[in-house]
Chemist: 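Okay, handing you the structure first.
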Amino acid sequence: MHGLSDKRLKISIVTISYNQGKFLEQTILSVINQCYENIEYIIVDPGSTDRSREIINKYSDHFSHIVLEPDAGPSDGLNKGFLRATGDIYGFINSDDKLLPDALHKVSEFFKNNKHADVISGHSLIIDERNEILRKCYSNKFSLKMNAYGACTLMQPSTFFRKDCFHKTTGFNIKNCCCWDDELFVDMGLNGASFHIINEFLSSFRIHSNSINASGCLDQETLEYYDRKFYKIINRKKEGKDAILSLYYKLIKHIRNPSNLIEKLRKR
């Protein structure tokens with residue numbers, strides 16, 4: 001353990017689980033094996049039909065809350081989980097991703113030393129089904145305008161936020177089935193949250209054949225969300241000039257954070 005500082009901030013982690021039994025145990029172990037004392041771990045499973053429930057039962061003593069009830073999708077499940085959270089700091093990790101060792105200690109130390117920070121984002125390792133590292137992926141400094149133009153990425157499993165920051169929003173939009181994490185961060189930004197980058201790799205983000213990111217099954221919903229988000233931030237519909245502005249802001253993104261572009265080019 002890292003001493004008294006670990007006891008000062010309680011960190012609530014929510015995992016939503018649905019038929020990811022192939023990876024779920026790795027996710028759970030990555031949380032409960034953290035070298036950090038004050039963790040509240042909440043898991044939500046609306047009705048998995050694979051071996052997920054068996055795995056949850058195996059580690060039941062490590063969960064503060066187990067929510068086994070139907071929900072209206074991932075966003076609704078996360079809202080159910082955070083409804084039970086009592087920590088100072090919140091985070092959520094999907095049932096196919098993993099926290100890296102010592103991640104929560106680093107998160108606690110950053111919040112303790114940066115009391116004005118509301119949301120912090122670290123970086124992630126992109127891994128495949130066999131846990132092989134495909135490349136590194138870096139979070140960008142958050143900006144509402146950059147986000148509106150598709151030029152701002154926060155690695156979700158490496159992003160953590162203060163309890164009060166979450167409760168100033170209405171939570172996750174249960175109608176959003178593709179980018180519920182991004183919409184939450186936008187809502188936090190619109191409420192004046194202070195975003196910061198912690199220059200640490202905090203999680204592994206998994207890409208596999210059944211993941212939403214790899215399947216492309218929600219491409220149309222994603223495009224519709226981007227249009228809706230643009231209007232929410234910029235207060236108007238997209239115009240012809242915005243395609244050029246999007247390229248401009250994406251160029252700025254790469255200039256400010258060249259590591260991500262270099263990784264993409266190097267790893268193809």
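Counting begins at 1 with the first residue of the sequence.
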Chemist: With sequence neighbours left out, write down each residue that passes side chain to side chain contact (heavy atoms under 4.5 Å, CB included) with Leu100, or none if nothing qualifies.
Modeler: Leu125, Phe201, Ser204
Chemist: Compare all side-chain heavy atoms of Asp97 with those of Phe23 and state whether any distance is below 4.5 angstrom.
Modeler: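 No, every pair of side-chain atoms sits at 4.5 Å or beyond.
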Chemist: Find out whether Asp88 and Glu40 are in side-chain contact, i.e. whether some heavy atom of one side chain is under 4.5 Å from a heavy atom of the other.
Modeler: no
Chemist: Which residues satisfy the side chain to side chain contact (heavy atoms under 4.5 Å, CB included) test with Arg256, sequence neighbours excluded?
Modeler: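 Counting only residues at least two positions away or on another chain, Arg256 forms a side chain to side chain contact (heavy atoms under 4.5 Å, CB included) with Met146, Ile252.
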Chemist: Considering residues at least two apart in sequence or located in another chain, which fulfil the salt bridge (Lys or Arg N to Asp or Glu O under 4.0 Å) criterion with Asp71?
Modeler: none
Chemist: State whether the number of non-hydrogen atoms from other residues, nucleotides or ligands found under 6.0 Å of Lys168 atom NZ is greater than 12.
Modeler: no
Chemist: Assess the side chains of Asn57 and Ser60: does a donor N or O sit below 3.5 Å from an acceptor N or O?
Modeler: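 No, no side-chain donor-acceptor pair sits under 3.5 Å.
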Chemist: Can you measure from CE (Met155) to CD1 (Ile197) and round to the nearest 0.5 angstrom?
Modeler: 11.0 Å
Chemist: Could you check if a side-chain atom of Asn38 sits within less than 4.5 angstrom of a side-chain atom of Leu9, using non-hydrogen atoms only?
Modeler: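 No, side chains not in contact.
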Chemist: Looking only at side-chain N and O atoms, does Tyr138 offer a donor or acceptor that is under 3.5 Å from a partner on Asn199?
Modeler: no
Chemist: Hey, is Arg266 close enough to Glu263 for a salt bridge, meaning N to O under 4.0 Å?
Modeler: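 Looking at Arg266 and Glu263, the cut-off is met.
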Chemist: Identify whether Phe185 and Tyr226 are in the same connected component of the hydrophobic contact network (ILVMFWY, side-chain heavy atoms under 4.5 Å).
Modeler: yes
Chemist: Is there a ring-ring contact (aromatic ring centres under 6.0 Å, His included) between Phe160 and Phe92? Walk through the geometry before answering.
Modeler: CA-CA 8 Å; Phe160 300 83; Phe92 57 107; 8.9 Å; no
Chemist: Describe, in one word, how the ring planes of Tyr41 and Phe63 are oriented to each other, choosing from parallel (under 30°), tilted (30 to 60°) and perpendicular (over 60°).
Modeler: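 Correct class here is tilted.
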Chemist: For the residue pair Ile120 and Thr159, establish whether any side-chain heavy-atom pair is separated by less than 4.5 Å.
Modeler: no
